[in-house]
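Order of the sequence lines sets the chain letters (A, B, ...), proteins ahead of strands, with each chain counted from 1.
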Amino acid sequence: MNFNSFSFHPAVVKGVAEAGYETPTPIQSKAIPEVLKGRDVMGLAQTGTGKTAAFALPILNRLVDGPRGRAAALVVAPTRELAEQIHDAIRALGRHTRLCSAVVYGGVGINPQIQALKRADIVVGCPGRLLDHLGRGTVDLSRLDVLVLDEADQMFDMGFFPDIRRILSHIPAKNRQTLLFSATMPKAIRCLANDVLRNPVTVQIGTTAPAKTVSHAMFPVAPHLKTALLMKLLGRTRTESVLVFTRTKYRAKSLDKKLARAGYRSASLQGNLSQNRRQAAMKGFRSGEFQILVATDIAARGIDVSNVSHVINFDIPATPEAYIHRIGRTGRAQCSGEAFTLVTGEDTAMVKAINRAIGSPVAQRTLPDFDYDAAPQGPGGKKVNSSASRPQARGKRRAPKPRARRRESKGAFAWLAPKTAGGTP
DNA sequence: AAAAAAC
């Protein structure tokens, strides 16, 4: 089978060819005909198997001959980086169609977006800024043909669902084609998702499982030795780009600093960074300037960076779904990848849940030349014991380094601050 | 100490 069998418009065919696509992936060959028919689709397929093109191509094809500049399709994504990536993919695939894509998300100026929306046929965006535009009347979804919720199970999650419902209320249900895509779709959420679909067809490739191209292992370790074990793993593994996940924004930031101090070309990506810094981190990671990206779950879903040979869960993810999405950042498009997860005693229940979700236990590994019994270390990197607990006694005090960058734009601990407007203390 | 998403 090849892309000719879909009878795409010549302009779409040209875009597909220039993108270097030859053979449709299973999700593409099964979902594209349904989308072309105008059916509502729930599309489920493993990470890295081409879901974006599975909805982008039939949408471009549907709009290519229609009237222009009316926001005929909307794609909603859970992070700014993913929205940007989808927008780029649509632009590349639609290069020869004269269709116009606009991307809207927060953290950047709204005026350029308002200008871009005026002539947009396809709008890609994150929920918050999209609602902002809807409130201002700078985007009109009243004549929308196709709605896509990417990472659909996350969009129906508690944190996003209210926004999604509000966006839906701006779209006339009549004639609306709705497409949901994800690698995961927990049962509890599937019912909610089916509520927005009309007479849907479910296109599911395989089962909810990690991509087969990823081999994975768990590394039991004491919490205080995680950083040392990570360094050991990095030192003894032949890697290309490495994506490291942490549980919190603060841990991403501080682990990035430790890696940089150890000489790695590293950056962090988390939601407390300014959008400029987020873009710089992504750009540097994509280009290879940063070999390591330390990220929160902001980078868990959808992000497609070539040459990611390893995903390392420095902290175990909070759900089996997050595990599947995180490790799916490697092993994409038939390449192979490895995923390492550091696990501590507290993670036992989640390890079991992950093993259950995957259907077989993930191998547990230990490094022969690693000191698993090392004592906790003090702040100066020295072992804490009765005599070394006073740093000055070691005679090794360093002069404090002048700090060029004191804090991130919003403050490193901004998320700790109360949400209500604060008075004077 | 969850993260993400508008101002």
Among B/dA6, B/dA4, B/dA2, the nucleotide that comes nearest once only the side chain of A/R129 is considered: B/dA6
Distance check, rounded to the nearest 0.5 Å: A/T202 atom OG1 versus A/R39 atom CZ? 9.5 Å
How many whole angstroms separate atom OH of A/Y105 from atom P of B/dA6? 10 Å
B/dA6 OP1/OP2 closer than 4.0 Å to side-chain N/O of A/R80: yes
Output every pair passing salt bridge (Lys or Arg N to Asp or Glu O under 4.0 Å) with a member in residues 329-340 of chain A, not counting sequence neighbours, ordered by first then second residue. A/D304-A/R332
Of all the nucleotides listed (B/dA5, B/dA6, B/dA2), which has the minimum atom distance to the side chain of A/F160? B/dA5
Could you note down all residue pairs passing ring pair (Phe, Tyr, Trp, His ring centres under 6.0 Å) where residues 299-318 of chain A supplies at least one of them, sequence neighbours left out? A/H310-A/F340
Find the distance A/F245:CZ to B/dA2:P and express it as a whole number of Å. 19 Å
Donor-acceptor pairs are to be reported for all side-chain atoms of residues 212-222 of chain A against protein atoms at under 3.5 Å, with residues two or more places apart or in another chain.
{"unit_1": "A/T213", "atom_1": "OG1", "unit_2": "A/G331", "atom_2": "O", "d": "2.5"}
{"unit_1": "A/H216", "atom_1": "ND1", "unit_2": "A/Y323", "atom_2": "OH", "d": "2.7"}

Validation: residues 134-142 of chain A side-chain donor-acceptor distances under 3.5 Å, sequence neighbours left out:
{"unit_1": "A/R136", "atom_1": "NE", "unit_2": "A/D132", "atom_2": "OD1", "d": "2.8"}
{"unit_1": "A/T138", "atom_1": "OG1", "unit_2": "A/H133", "atom_2": "O", "d": "3.2"}
{"unit_1": "A/T138", "atom_1": "OG1", "unit_2": "A/H133", "atom_2": "ND1", "d": "2.7"}
{"unit_1": "A/D140", "atom_1": "OD1", "unit_2": "A/S142", "atom_2": "N", "d": "2.9"}
{"unit_1": "A/D140", "atom_1": "OD1", "unit_2": "A/S142", "atom_2": "OG", "d": "2.7"}
{"unit_1": "A/D140", "atom_1": "OD2", "unit_2": "A/S142", "atom_2": "OG", "d": "3.3"}

Can you list the residues that meet the side-chain hydrogen bond (donor to acceptor under 3.5 Å, both in side chains) rule with A/N355, with sequence neighbours excluded? none
Mind listing the residues from residues 118-128 of chain A sitting with a heavy atom below 4.0 Å of DNA chain B? Number order is fine. A/C126, A/G128
Applied to residues 222-235 of chain A, the salt bridge (Lys or Arg N to Asp or Glu O under 4.0 Å) test, sequence neighbours excluded, yields A/K226-A/D315, A/K232-A/D369
In whole Å, what is the span from the CG atom of A/N272 to the C1' atom of B/dA1? 12 Å
Of all the heavy-atom pairs spanning A/M42 and A/M185, show the shortest one and how long it is. SD-CE, 3.7 Å
Minimum-distance nucleotide to A/K249 side chain [options: B/dA5, B/dA6, B/dA3]: B/dA3
Range-with-range stems of DNA chain B (Watson-Crick or G-U pairs under 3.5 Å, three or more in a row): none
Between B/dA2 atom C1' and A/M350 atom CE, what is the distance in whole Å? 12 Å
If you look at every strand shown and take non-hydrogen atoms under 4.0 Å, does A/R278 touch a base, only sugar-phosphate, or nothing? sugar-phosphate
Of B/dA5, B/dA2, B/dA4, the nucleotide closest to the side chain of A/R247 is B/dA2
Results of side chain to side chain contact (heavy atoms under 4.5 Å, CB included) for A/R278 - residues two or more places apart only: A/R80, A/E81, A/L269, A/L273, A/Q275, A/I298
Tell me: CG of A/L273 to C1' of B/dA3, nearest whole Å? 13 Å
Presence of A/T296 side-chain N/O under 4.0 Å of B/dA4 phosphate oxygens OP1/OP2: yes
Could you state the atom-to-atom distance from CD of A/Q154 to C1' of B/dA2 in whole Å? 12 Å
